[in-house]
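Below, all heavy atoms of this structure are taken into account, side chains as well, without hydrogens, waters or symmetry copies. In listed order, ligands and their atoms are each counted from 1.
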Amino acid sequence: MITDIVHIDEKGIDFDSKELEKAASIIQSGGLVAFPTETVYGLGADAKNEEASAKIYAAKGRPSDNPLIVHIADISKLNEAAKEVNEMAKKLADAFWPGPLTLVLPKHDDIPYATTGGLDTVAVRYPSHPVAMALIKKSDRLIAAPSANASGRPSPTLASHVLEDLDGRIPMIIDGGQVGIGIESTIVDCTGEVPVILRPGFITPKMVKDVCGECTIDPGIIANDSSVKPKAPGMKYRHYAPKAPLTIVEGPKEKVVSYINSQLLSGKKVGIIATDETLGNYTGGKIISVGSCDDERSVAHNLYGALRQMDGLDVEVIYSESFETPGLGEAVMNRLLKAAGHQIIKV
Ligand code: TXA
Ligand code: MG
């Protein structure tokens with residue numbers, strides 16, 4: 001299969017352009033289209049079409065028990081994805097949609113188990129990216145879309161990342177440039193009394209609490225080992241992993257830098273994930289800055305790209321600084337810890 005790449009700029013989208021027509025017709029006929037969202041690139045298919053969903057799993061090499069997120073571009077469509085929408089979900093949708101938030105609710109009978117990985121619940125998101133919205137509206141379907149990476153690889157934040165993983169496996173990629181946020185949406189389980197965060201993201205626990213009065217975090221995503229099973233099936237997989245083993249070094253910045261510098265003497269080819277502030281303090285190695293330590297958004301924005309870049313640098317071991325900031329830092333560290341297989345050194 002030849003993978004067609006089309007460019008659609010998020011500014012001034014022409015709803016009748018031939019690119020958008022083509023993408024919508026692929027979705028309508030049960031095919032796959034990769035497209036940008038504000039979080040990461042998604043790999044879309046008609047959510048109500050079992051065969052289309054099955055193609056997503058095949059293209060990504062994704063385990064079949066890992067459910068897909070159903071994307072909508074009109075709040076009224078929420079009732080086509082979910083059977084019941086409680087007050088908690090309505091409040092959260094009202095506060096954060098369109099945006100980087102996914103709600104888990106009881107599934108509508110029309111959503112096949114092939115899309116929900118056999119679960120009776122469905123994850124729903126209303127993305128804010130203009131290209132995503134245009135594609136969903138133009139195809140007039142609910143679009144099931146996981147991140148558009150091969151299973152186990154970092155989520156794509158550029159169309160070229162999608163091509164790297166899925167070239168020849170899907171008919172079309174819509175290139176809308178680099179995505180804004182850079183890490184996947186926050187997932188909130190709305191099926192109980194209290195909202196539960198199943199995956200941390202740009203929408204923080206505090207923001208959820210401010211809207212609902214309460215918010216808890218799934219113990220499965222905090223545990224450092226596999227003793228507690230996460231409730232979002234996808235969170236149990238070792239994800240985002242670069243090819244060389246990654247270790248996070250945590251502690252005061254000077255000590256982190258001097259520890260990593262000492263590892264340069266090992267004779268191995270070392271990759272370093274650093275920040276703008278520390279970049280100049282390393283005495284060797286292949287260094288990539290993910291942004292400023294004072295700007296957690298820049299770190300989220302660049303993290304997956306940096307992990308992918310490391311694979312191209314021919315390094316044998318990778319050390320990363322730690323990014324423990326109060327807001328988005330939690331979501332960033334969740335991804336980094338997974339990429340590192342929870343290997344941390346405290347200095
Ligand atoms: O930002 C995002 O959410 C991106 C963009 C493309 O929208 N999508 C994304 O999808 O990250 P994916 O498939 O890579 O991650 C979906 C996560 C998985 O961890 C999956 O297990 C969880 O959502 N999930 C989906 N349906 C669920 C459900 N019914 N209950 C619990 N977790 C669910
Ligand atoms: Mg994913």
Side-chain angles (χ1 to χ4, degrees), residues 32-45 47 53 56-57 59-73 81-83 96-108 111-129 131-133 135-136 142-157 161-162 165-166 174 176 179-192 196-203 218 220-221 229-241 300 304 331 334-335 338-339:
L32 307 184
V33 175
F35 62 98
T37 82
E38 71 278 24
T39 55
V40 298
Y41 274 77
L43 179 60
S53 283
I56 292 181
Y57 288 89
K60 284 181 54 103
R62 181 176 176 103
S64 61
D65 71 338
N66 190 3
L68 308 175
I69 294 176
V70 174
H71 295 67
I72 58 175
K83 191 182 261 175
F96 302 116
W97 278 359
L101 175 73
T102 296
L103 302 176
V104 174
L105 290 162
K107 88 169 183 70
H108 193 289
I111 304 293
Y113 286 113
T115 296
T116 65
L119 297 177
D120 287 313
T121 53
V122 63
V124 191
R125 180 159 111 76
Y126 180 170
S128 65
H129 196 292
V131 174
M133 283 201 229
L135 175 66
I136 300 165
L142 308 185
I143 294 192
S147 48
N149 50 286
S151 202
R153 297 270 295 144
S155 293
T157 53
H161 297 159
V162 182
D165 286 12
L166 302 177
I174 302 179
V179 300
I181 293 176
I183 56 174
E184 306 86 345
S185 62
T186 305
I187 303 179
V188 178
D189 182 357
C190 295
T191 59
V196 184
I197 304 237
L198 304 186
R199 179 174 71 183
F202 187 83
I203 307 292
D218 178 20
I221 59 175
K229 212 168 119 196
K231 213 175 156 201
M235 297 296 280
K236 69 175 179 279
Y237 296 107
R238 169 124 191 255
H239 246 97
Y240 323 124
Y304 285 143
N334 169 267
R335 300 337 189 253
K338 277 184 149 193

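Taking every non-hydrogen atom of Val104 and a distance limit under 4.0 Å, the qualifying atoms of ligand 1 come out as 29 (N), 30 (N). Under a 4.0 Å criterion applied to the non-hydrogen atoms of Leu198, ligand 1 contributes the atoms 31 (C). Residue contact check: Pro233 has heavy atoms under 4.0 Å from atoms 21 (O), 31 (C), 32 (N) of ligand 1. Taking every non-hydrogen atom of Met235 and a distance limit under 4.0 Å, the qualifying atoms of ligand 1 come out as 19 (O). Applying the 4.0 Å criterion to heavy atoms of Ile69 picks out, from ligand 1, the atoms 3 (O), 8 (N), 9 (C), 10 (O), 16 (C). Heavy-atom proximity to Leu119, at under 4.0 Å, picks out these atoms of ligand 1: 28 (C), 29 (N), 30 (N). Taking every heavy atom of Ser185 and a limit of under 4.0 angstrom, the matching atoms of ligand 1 come to 1 (O), 2 (C), 3 (O). Listed by number with element, the atoms of ligand 1 under 4.0 Å from a non-hydrogen atom of Glu184 are 1 (O), 2 (C), 11 (O).
For atom 17 (C) of ligand 1, the closest non-hydrogen atom of the protein is Ile187 CD1, 3.5 Å. Of the protein's heavy atoms, Asn66 OD1, 3.6 Å lies nearest to atom 18 (C) of ligand 1. From the protein, the heavy atom lying nearest to atom 6 (C) of ligand 1 is Gly42 CA, 3.5 Å. Of all protein heavy atoms, the one closest to atom 19 (O) of ligand 1 is Gly234 CA, 3.3 Å. For atom 29 (N) of ligand 1, the closest heavy atom belonging to the protein is Thr121 OG1, 3.0 Å. Among all non-hydrogen protein atoms, the one lying nearest atom 9 (C) of ligand 1 is Ser147 N, 3.7 Å. Protein heavy atom in closest approach to atom 15 (O) of ligand 1: Arg199 NH1, 3.1 Å. The nearest heavy-atom contact from the protein to atom 5 (C) of ligand 1 is Thr39 OG1, 3.6 Å.
For the pair Arg62/Leu68, a side-chain contact is recorded, criterion being any heavy-atom separation below 4.5 Å from C-beta on. Side chains of Trp97 and Val124 form a contact here, defined as non-hydrogen atoms less than 4.5 Å apart. Using a 4.5 Å cut-off on side-chain heavy atoms (C-beta onward), Tyr304 and Asn149 make no contact. The shortest side-chain heavy-atom distance between Ile183 and Asn334 does not fall under the 4.5 Å cut-off. Within the 4.5 Å cutoff, side-chain heavy atoms of Tyr113 are placed close to those of Asp120. The side-chain heavy atoms of Arg335 and Arg199, taken from C-beta on, include a pair separated by under 4.5 Å. With contacts defined as side-chain heavy-atom distances shorter than 4.5 Å, the pair Ile221/Pro200 qualifies. Two residues are said to be in side-chain contact when any heavy atoms from C-beta on lie closer than 4.5 Å; Leu119 and Pro233 meet this criterion.
Taking backbone and side chain together, Asn149 holds no N, O or S atom under 2.8 Å from the Mg ion (ligand 2).
Side chains of Thr37 and Arg125: a donor on one and an acceptor on the other come within 3.5 Å. Ser185 and Thr39 share no donor-acceptor pair across their side chains, judged by distance under 3.5 Å alone.
At a heavy-atom distance under 4.0 Å, only backbone atoms of Lys231 (N, CA, C or O) approach ligand 1. Contacts between Lys60 and ligand 1 below 4.0 angstrom, taking non-hydrogen atoms only, are absent altogether. Neither the backbone nor the side chain of Thr116 has any atom closer than 4.0 Å to an atom of ligand 1 (non-hydrogen atoms only). By the criterion of a heavy-atom distance under 4.0 Å, neither the backbone nor the side chain of Asp189 is placed next to ligand 1.
Ranked by closest heavy atom to atom 26 (N) of ligand 1, the top entry among Ala232, Pro67, Ala148, Ala132 is Pro67.
Using a 4.0 Å heavy-atom cutoff, Lys107 is absent from the residues neighbouring ligand 1.
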Side chain to side chain contact (heavy atoms under 4.5 Å, CB included) between Lys60 and Ser147, worked out: CA-CA 9 Å; Lys60 284 181 54 103; Ser147 48; 3.7 Å; yes
Arg153/Asp165 under salt bridge (charged side-chain N to carboxylate O under 4.0 Å, His left out): CA gap, chis, key distance, verdict: CA-CA 8 Å; Arg153 297 270 295 144; Asp165 286 12; 3.4 Å; yes
Trace of the side chain to side chain contact (heavy atoms under 4.5 Å, CB included) decision for Lys231 with Thr191: CA-CA 12 Å; Lys231 213 175 156 201; Thr191 59; 4.1 Å; yes
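The closest donor-acceptor contact from the side chain of Thr115 to the backbone of Ala47 lies under 3.5 Å. Between the side chain of Tyr41 and the main chain of Val179, no donor-acceptor pair closer than 3.5 Å is present.
Backbone and side-chain nitrogen or oxygen atoms of Ile183 are examined, and none is located within less than 3.5 angstrom of a nitrogen or oxygen of ligand 1. Between Tyr41 and ligand 1, no N or O atom pair is found at a separation short of 3.5 Å. Residue Thr37 has no N or O atom closer than 3.5 Å to an N or O atom of ligand 1.
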